[in-house]
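Here's the structure we're looking at; comments come further down.
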Amino acid sequence: MDLAYTEAEEEFRGRLREWLAAVLPGLTAKPPPDDWPARRAYDTTWQRMLYDAGYAGLHWPVDAGGQGATPTQHLIFLEETERAGAPYVGANFVGLLHAGPTIAAEGTAGQRARWLPPVLRGEEIWCQGFSEPDAGSDLAALRTRAVRDGDDYVVTGQKIWTSHAEVADWCELLVRTDPDAPKHRGISWLAMPMDAPGITVRPLRTLAGSTEFAEVFLDEVRVPASCRVGAENDGWRVTMVTLSFERGTAFVGEVVACRRTLEALADEARRTGRWDDPVLRRRLGRLNAQFRALWRLTQANVSESQRTGGVPGVGGSVFKLRYSGLRQELCEAAAEVLGAADAFDLDRDEVLDRLSSLSYTIAAGTSQIQRDIVAERILGLPKGR
Amino acid sequence: MDFQLSDDQRALRSGMRDLLGAVFGPGRLRAAVERDGVLDRSLWRELGAAGFFALRLPEDAGGVGLGLPEAVLLFEETGRALLPGPLVATHLAAGRVEGAAEGEAVVTAVDADLPVAHLAEADAVLVGAEPLAGEPLTGEALRAFVAAARPVRSMDPLTPLHRAPAGTAAAAGRVSAAEGSRAASERTRADTRRAPAATERTPAHAGRFHCEATLLTAAEQLGSAVRTTEAAVQHAGSRQQFGSPIGSFQAVKHLCADMLARTEPARAAVYAAAVTGDPVEIAAAKLLADEAAVRNARDCLQIHGGMGFTWEADVHLHLKRAWIRAASWLSGAGAEELLAADLGAAGRLRRSSTAYGRRAPEAGGGG
């Protein structure tokens, strides 16, 4: 058990810090949340800067155009960029973390050459068309149909919770190509160009008031069969491959941010005098223990994936289950530190965070689904209801 | 960075599990319960011979020469096996109290107002704010101490307890929640009702003995939490109701999932605290391990249904022990106050003058 970083790792950290200090002051101001073209431009500009500095696709394999960095280097990268207040991955998320790695693992040479470089250079944005109104936790129940017609698939159906749909160039789309096969076996993975005729994007407003995602309606959209990645009806397996690219680093930036928030809350509570309330103080102390432990658990998970050559354990589910609940607790504590005078003011970041945090126990697998995964795949309990 | 057990550490842990399986199986556990936790001296000597107490003494002093991370792995196993006895105090006394390292002596310790464990059979008792700095009670002084102590009908059949003579608790000087609270609220300057001496010792400056006792106790809690999770999963997978294993019902399997979700962060916290020796990390480890041990034992009991409420099932032994350990060395309230005091600008100032422990290799994610 060694928590000290190697000389090479520290050197990597040092170079990154220098670079961040040099480039971050030159960034333009963050665009308003509802200005999607501006958000796209801001996020892709940052991606281009990363590319030029040799940090794009840090965790991607070298033969996919990535840097082939170790999981620990990736951890350091995410930790340092968060600490320095660098932009988030934002609109590049699906391209860098889902669609890109899927294409890198399962695509043909031609598909890799066509789609991967523009993601790394911040030239093309991807969105995700997985969930449907009737296929949420039970994703494999998806019904969007793709019927082969010559060299094309003709796709009809509806997707939901699609972030960045308004500004995306491509959509990684799960479609049903064999309605008669068992539900996991009749699915295919397509790259759908978002400018194809028949696509209608309707933004959905979240409870926080902003439009973070959209519904996507597909009406006989023609997608070339050459845009299918992997074999027909093998899309479920193709999709699951992507998960192995995360390597325990999924929440690094967020845990760093939570710990910083907690420090700021303590300062604020001391300033306002609320620190004298032992109930609040102990609540913050307890969160300090929880987030410290999550940080150490992150280091353990990253070390494990480094040892196993990048294959993540199902430990990610344990982490997500714990983290999502604690993130909500942190936001509740923040509201208490603010006090009634400020806790309902949407101009306070803490208030928006409190609202956004409600999605954490739902998005990317609800806490109930995570518990099923932990119980069945780690603890070996029988399936059933 | 490689925050995983080394091959040697894995071997050490499995060696300890094998040893305990051989010398303290279910029969020996039940026998220990039947004799109200009175220690088996030959087992104590076997532990000594295996190097359990002398683990961290240098090799040239007859020890094994290993460190806190290795000690934590062994205490995780003793917690898992419900091994009785003042293991933490005797381990910490090795090299300082005669016979402790070899398992010839049983050494217990006075921990604030908590009744003293295994006092009647102890060869030495550690007292005082920094017990290893002073002389332990032995011989005549020990006999007088025991004579003045009053036996408690202990809730835990594996931990005989004595209430220490009046006045001893104050001398033990454990970091109390109230003290932590003072440190955290930083109102000591204005507070004239308290003697200045009492306010100088803040939890972050607690001594080495208390820090290590806290950490090793947390390691035992971790082992207990792991064991009750296993027992719950085993029962849920085999017990049939409504024609199915009860573990196929979400209401039950989700309890099991939450047990693991409490255990794994606690494990990361305990192991990291063992590597850094940092008092704040140790407090976090204790807080999370206490919670994992107590709540997992509760859930394990619940999953066992009526059998869980019986004397025959082992789960009550885990719960009772976990409750006692949770009150030992650093309570939840004390840990929370200490962790609160660590936060923000005031916490950074405090950290820069931390008295005990190697500096953490890196601050990690936060301030």
Side-chain angles (χ1 to χ4, degrees), chain A residues 1-6 9 72 75 79 252 255-256 259-260 262-267 270 275-276 278 281-286 288-300 302-304 306-307 315 318-319 321-322 368 370-376 378-385, chain B residues 1-6 9 69 181 184-187 229 233 236-237 244-245 247-250 252-254 256-258 260-261 264-269 271-272 274-276 280-281 283-285 287-288 333 335-347 360-362 364-367:
Chain A
M1 284 189 281
D2 190 358
L3 285 167
Y5 292 92
T6 64
E9 286 161 355
T72 303
L75 172 100
E79 181 189 0
V252 169
V255 173
V256 172
R259 293 193 64 188
R260 210 172 38 192
L262 196 52
E263 301 275 341
L265 286 179
D267 287 336
R270 283 195 180 94
W275 194 248
D276 290 342
R281 211 166 56 223
R282 285 180 52 184
R283 194 171 172 186
L284 296 179
R286 184 178 176 70
N288 187 12
Q290 306 274 24
F291 281 106
R292 278 170 169 272
L294 284 185
W295 176 251
R296 296 312 193 186
L297 188 57
T298 300
Q299 290 180 308
V302 167
S303 297
E304 186 189 2
Q306 183 134 322
R307 281 189 177 202
V318 172
F319 193 96
L321 178 57
R322 195 71 174 172
Q368 286 65 40
Q370 301 299 342
R371 286 187 180 93
D372 279 351
I373 293 172
V374 170
E376 291 167 12
I378 305 181
L379 297 175
L381 284 167
K383 280 184 179 288
R385 300 292 172 251
Chain B
M1 181 195 69
D2 181 27
F3 189 36
Q4 291 280 303
L5 301 193
S6 69
Q9 287 168 336
S181 160
S185 67
E186 291 166 357
R187 284 176 289 122
T229 304
V233 168
S244 302
S248 67
F249 303 124
Q250 283 185 321
V252 174
K253 75 166 56 158
H254 286 191
C256 295
D258 284 334
L260 190 73
E264 290 311 307
R267 181 194 302 283
Y271 289 1
V275 172
T276 66
V280 180
E281 287 217 70
L287 184 67
L288 298 189
E336 283 171 356
E337 288 288 7
L338 198 155
L339 284 149
D342 165 67
L343 286 170
E362 47 85 40

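Reminder, nothing fancy here: chain letters follow the sequence lines and each chain counts from 1.
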Closest non-hydrogen atom pair, [X] against [Y]:
X        : Y        : result
A:Ala293 : B:Pro265 : CB-O, 3.6 Å
B:Leu287 : A:Ala289 : CD2-CB, 3.7 Å
B:Lys253 : A:Gly384 : NZ-O, 3.7 Å
B:Gln4   : A:Ser303 : CG-CB, 3.7 Å

B:Cys256, B:Gly237, B:Ala335: which one forms the most heavy-atom pairs within less than 4.5 Å of chain A?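 Most pairs with chain A among the choices: B:Cys256.
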
Would you give the length of the straight line joining atom [atom1] of [X] to atom [atom2] of [Y], rounded to the nearest 0.5 angstrom?
X        : Y        : atom1 : atom2 : result
B:Ser248 : A:Lys383 : OG    : NZ    : 12.0 Å
A:Arg282 : B:Leu338 : CZ    : CG    : 12.5 Å
B:Gln9   : A:Met1   : CD    : CE    : 4.5 Å
A:Leu381 : B:His254 : CG    : NE2   : 10.0 Å
B:Leu343 : A:Arg281 : CG    : CZ    : 12.0 Å
B:Gln250 : A:Asp372 : CD    : CG    : 4.5 Å

Check the pair B:Asp258 / A:Leu321 against side-chain contact (heavy atoms from CB on, under 4.5 Å), numbers first and verdict last. CA-CA 9 Å; B:Asp258 284 334; A:Leu321 178 57; 3.9 Å; yes

Contact origin within [X] toward chain B - heavy atom pairs under 4.5 Å:
X        : value
A:Leu379 : both
A:Arg286 : both
A:Gln370 : neither
A:Leu75  : side chain

Counterpart residues, side chain to side chain contact (heavy atoms under 4.5 Å, CB included), relative to B:Ala272 (two or more places apart):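 Listed in chain order: A:Leu3, A:Arg296, B:Phe3, B:Glu281.
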
Any residue meeting side chain to side chain contact (heavy atoms under 4.5 Å, CB included) with A:Glu9, in chain and number order, not counting sequence neighbours: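 Expected list: A:Tyr5, A:Thr6, A:Thr72, A:Ile76, A:Gln306, B:Met1.
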
Within-4.5 Å side-chain heavy-atom neighbours: B:Leu288 and A:Arg292: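 When only atoms from C-beta onward are counted, A:Arg292 and B:Leu288 do not touch, as no gap falls below 4.5 Å.
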
Between B:Glu337 and A:Pro278, is any pair of side-chain heavy atoms under 4.5 Å apart?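 A side-chain contact exists here, since the closest heavy-atom pair is under 4.5 Å.
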
